[in-house]
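Only one structure is covered here, and it is reproduced in the block below.
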Amino acid sequence: MRHCFRSFAVAAFVAALPSASASAQSTQIFKKGYSDIGAVIGLGNLGGANISVGGRFEKAVKDLPDLGNGTLGIGVSADIYSYSNQSFSVRYIPIGATANYHFNLENKKIVPFVGLGLGLEILSCDSKVSSGVDLCDDGSLYFIGRAGVRYFLSDKASFYADVGAGAAAFNVGLTYRLR
């Protein structure tokens, strides 16, 4: 089921690319001062975990004319997912911050990015076995490597997708411009 949905999402995004280039805007939307917030659904979680749900916030903090005319953004992400079997259940809440480089393409509706950062994974466990063994640690720091894209549906809303470390290997959702 997960692979089917992931394949469908990727196919839908790729199918949208030709129409995007035909209607490219002339001004850059993602530039210094831009900020957005949105919800995502994640696929490809660790182990037998369910689908994750989460949110993304990002603020464009600096235009980088000497680095391919890109834009530096600072992003914050938070997600939640869980895993359970007959003897225990675990809830994961990864929270992360990334510095993202957004590429400036000729087609202003498509804004790909790459990012690096750190996250904190908070764990909550419930053991149904009274073995006296703690099956859950207190959480841990982790490295985030992420690549993604925004496809602007308008200057206020965009389709969002990313791949990399965090709650899921692949996240899709919608973001809405705050400023």
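We count residues from 1, following the sequence as given. All values below come from the heavy atoms of this structure, side chains included, with hydrogens, waters and symmetry mates left out. What you see is a predicted model, and the numbers here were worked out from it, not measured in a lab.
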Any non-hydrogen side-chain atom of [X] less than 4.5 Å from a side-chain atom of [Y]?
| X | Y | answer |
| --- | --- | --- |
| V111 | L105 | no |
| K156 | Y176 | no |
| V149 | Y151 | no |

Give the minimum heavy-atom separation between [X] and [Y], together with the two atoms involved.
| X | Y | value |
| --- | --- | --- |
| I144 | G96 | CD1-CA, 3.8 Å |
| N171 | S52 | OD1-OG, 4.2 Å |
| K108 | F152 | O-CD1, 4.0 Å |
| A161 | V172 | CB-CG1, 4.2 Å |

Indicate if L118 and Y142 have the same hydrophobic cluster label, given that clusters are the connected sets of ILVMFWY residues with side-chain heavy-atom separations under 4.5 angstrom. no

Group every Ile, Leu, Val, Met, Phe, Trp and Tyr by side-chain heavy-atom contacts under 4.5 Å, then state whether V53 and V40 land in the same group. no

For Y101, the ring pair (Phe, Tyr, Trp, His ring centres under 6.0 Å) test, sequence neighbours excluded, returns F103

The ring pair (Phe, Tyr, Trp, His ring centres under 6.0 Å) partners of Y160 (sequence neighbours excluded) come to F113

Using side chain to side chain contact (heavy atoms under 4.5 Å, CB included) as the criterion, list what pairs up with [X], not counting sequence neighbours.
| X | value |
| --- | --- |
| F57 | S35, I37, K59, L178 |
| L72 | V61, K62, L64, A99 |
| A39 | none |
| I93 | I80, R91, I95, I122 |

Using side chain to side chain donor-acceptor pair (under 3.5 Å) as the criterion, list what pairs up with T98, not counting sequence neighbours. N100

Applying salt bridge (charged side-chain N to carboxylate O under 4.0 Å, His left out), name anything that partners D162, two or more places apart in sequence or on another chain. R56, R146

Please write out which residues are connected to V76 in a hydrophobic cluster, directly or through intermediates, given that two of Ile, Leu, Val, Met, Phe, Trp, Tyr count as joined at side-chain heavy-atom separations below 4.5 angstrom. none

Pairs where residues 31-43 contributes a residue and the test salt bridge (charged side-chain N to carboxylate O under 4.0 Å, His left out) is met, not counting sequence neighbours: D36-R150

To the nearest 0.5 Å, atom CG of L174 lies from atom CD1 of I41 at 9.5 Å

Distance check, rounded to the nearest 0.5 Å: L153 atom CG versus S158 atom OG? 7.0 Å

Within residues 67-77 or reaching into it, pairs that qualify as side chain to side chain donor-acceptor pair (under 3.5 Å) - sequence neighbours excluded: Q28-T71, D63-T71

